[in-house]
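First the structure, in the form of structure tokens, and then the observations on it.
Here the structure is a predicted model, which means the values were calculated and not measured.
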Amino acid sequence: MNPSLRRQLALGLAVALLVVLAAQWLLQEISIRETTHRFVVSRLAHDADNLLVNLRMDANGKLSLAETHLPPVFSQPLSGHYYQITFAGGELRSRSLWDQSLSLPELRPGEERIEERQGPNRQPLLQLAKGYQRQDRFLLVVVAEELTDMASERREARLRNTLLSLCTILLLLFWQQRLLSRAIDRLVIPQRALQRTPTELTSLETRGVPQEILPFIEEINRLLASLGQRLLRARNAAGNMAHAIKTPLAILMQLGEHPDLQHHTDLRETILQQSHAIRRLVERELKKSRLAGCDGPLPRIRPREELEILLTTLESVHRQRNIHIEQRISSDFELVMDPEDFLELTGNLLDNGCKWATRRVRLTACNRANDILVRVEDDGPGLPPEAWTPMMERGVRFHPEVAGSGVGLAVVAEIALNYGGRIEPGRSEELGGFSIQFVLPSPARKSIAHDPVSFWTRHLLPLYRRLFPGR
């Protein structure tokens, strides 16, 4: 299975985005955690300083707090804000602790400790503990604040960040595919050019092609130019060969007509037969070279009348075997092809069908939606599937009693290859014998804008004359 460029780019971008966004998410989580901790610690330090300011000592040396100057949150039971002051001979606790106490670390004067602890009702607390020395008395001040609300806010921020990251990944993937589709759409022009027939294709358009694909298109153009030069050299070589063979061939044919050979009938017939065979081969190869090197467009033909003449001729040739050739040629059947090549191709197929048929041969020719079909079927014995491919090779024959040289179908295959078509052998479902069909890609039909005269003369003019016969 060929790899998909879209899938590879999408997968690579998704992996890269996941890694980047995961790292960003982790750094943001650490940053939010550190920020909230610093904020809570700064507030706890402010609360500890406020407690020291409001700490009072009476004449008996007893410590107390002026609670009227403290925030009311310390007076609400289990409010999440707590303090506890420990000193020699006693301690002071906030009413919010109710009947519980905080975890007290061992500290010296001037020391400080920040840690997360579990408070009343298993509340997660961030606790600040400081050691103070005041009037020869050591004080341990511990203030704490519940982290439940901040943890909930962090979870919400984490969820929003995750959703935003996923939306960013999907949006970037969608945008990448859109940009990639626009870039790939620019390759439609050279793709359509490559779908044209070989005789029409000289070079691919490079305008609008992405820079990354441009070297590939230029290499294809160089290859097409090289192939064109080779075809031109082949055509010139075939022409030179034809001129070189014409004189010896003419001499050979004159020898066949020499009076000294009148008494050697077999020798004379052999010389003339082989001379005519050589001339036909030369003409056929020259025609192929002209087709390969032709610069102009091929004609659009409607060979219905020519096919009817060909069918009548073949029925006359095989009159002794009483072969009947049926025709199913659509009235609008047309194709872009050299007329002689088409008649040679169709004639070989029909002649082969007549040789193997028992009584019936059928010719079908029509224009389909995307291609052109020419099919020849017979009611003969047919061929096994394993013989279909070797049958197209030059010189291969499958029955010594059937006349032939084993070249006809090979010539058909060569003509089909020259026009970008294909030969499909098989078995006839209706007649029961052998079936072989020539399938040619249908050329793009000319629109009215490109060929208004042709459209008028072929369609509108006959309709106009039928509607208004007197004009």
Side-chain angles (χ1 to χ4, degrees), residues 187-205 216-217 219-235 238 283-304 306-307 329-330 332-350 352 363-376 388-389 391-394 407-426 435-447 450-451:
L187 300 179
V188 173
I189 296 177
Q191 179 185 3
R192 290 177 178 174
L194 288 173
Q195 293 174 350
R196 290 185 296 179
T197 58
T199 56
E200 298 176 349
L201 182 61
T202 57
S203 64
L204 300 180
E205 179 63 44
F216 178 70
I217 301 298
E219 289 297 329
I220 293 180
N221 286 337
R222 278 194 286 268
L223 178 61
L224 291 175
S226 176
L227 292 177
Q229 293 176 358
R230 293 183 182 179
L231 289 176
L232 180 60
R233 288 195 296 267
R235 182 178 61 178
E283 291 177 353
R284 185 166 60 202
E285 294 302 324
L286 285 176
K287 182 171 59 178
K288 291 179 182 178
S289 66
R290 288 195 302 269
L291 175 62
C294 182
D295 296 329
L298 293 171
R300 187 185 295 271
I301 60 173
R302 289 191 174 186
R304 182 179 178 86
E306 291 82 354
L307 286 177
I329 307 173
S330 60
D332 60 342
F333 175 67
E334 65 176 12
L335 72 165
V336 177
M337 195 174 185
D338 185 270
E340 295 183 4
D341 286 340
F342 177 74
L343 291 178
E344 183 176 2
L345 181 145
T346 310
N348 280 323
L349 293 180
L350 287 171
N352 185 75
L363 170 65
T364 303
C366 61
N367 293 83
R368 299 191 295 190
N370 298 319
D371 52 31
I372 297 169
L373 174 68
V374 177
R375 180 190 298 125
V376 175
W388 293 348
T389 301
M391 178 189 60
M392 296 299 173
E393 298 179 2
R394 185 177 295 271
V407 179
L409 292 181
V411 172
V412 169
E414 291 178 3
I415 296 176
L417 181 63
N418 287 336
Y419 285 92
R422 64 183 185 275
I423 298 295
E424 298 178 352
S435 171
I436 186 167
Q437 60 186 22
F438 166 61
V439 181
L440 178 68
S442 179
R445 303 241 177 208
K446 295 183 179 179
S447 62
H450 289 87
D451 194 6

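Between G421 and P441, the shortest heavy-atom contact is CA-CD, 4.0 Å. Residue L345 comes nearest to V412 through the heavy atom pair O-CG2, 3.8 Å, listed as atom of the first residue, atom of the second, then distance. Here the closest non-hydrogen pair linking L343 and E306 is CD2-CB, 3.8 Å. Shortest non-hydrogen contact noted between F333 and L373 is CE1-O, 4.2 Å. Across all their heavy atoms, E334 and I372 have their closest contact at O-CD1, 3.6 Å. Looking at every heavy atom in both residues, V336 comes nearest to L440 through O-CD2, 4.2 Å.
Here the side chain of N348 pairs a donor or acceptor atom with the backbone of E344 at under 3.5 angstrom.
For the atom pair CD1 (I423) and CG (L417), the distance works out to 10.0 Å, reported to the nearest 0.5 Å. Taking CG of L350 as the start and CG of L307 as the end, the distance is 8.0 Å to the nearest 0.5 Å. To the nearest 0.5 Å, atoms CD1 (I329) and CZ (R302) are separated by 13.5 Å.
Between F342 and V374 there is a side-chain heavy-atom pair separated by less than 4.5 Å. Taking the side chain as every heavy atom from C-beta outward, D341 and Y419 approach each other to under 4.5 Å.
For the side-chain contact (heavy atoms from CB on, under 4.5 Å) test, residues two or more places apart in sequence or in another chain that qualify with S435 are R375, E377, S428. Applying the side-chain hydrogen bond (donor to acceptor under 3.5 Å, both in side chains) rule to R304 yields no partners; only residues at least two apart in sequence or on another chain are considered.
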Audit row: T364, Q437, side chain to side chain contact (heavy atoms under 4.5 Å, CB included) steps and yes/no: CA-CA 9 Å; T364 303; Q437 60 186 22; over 6 Å; no
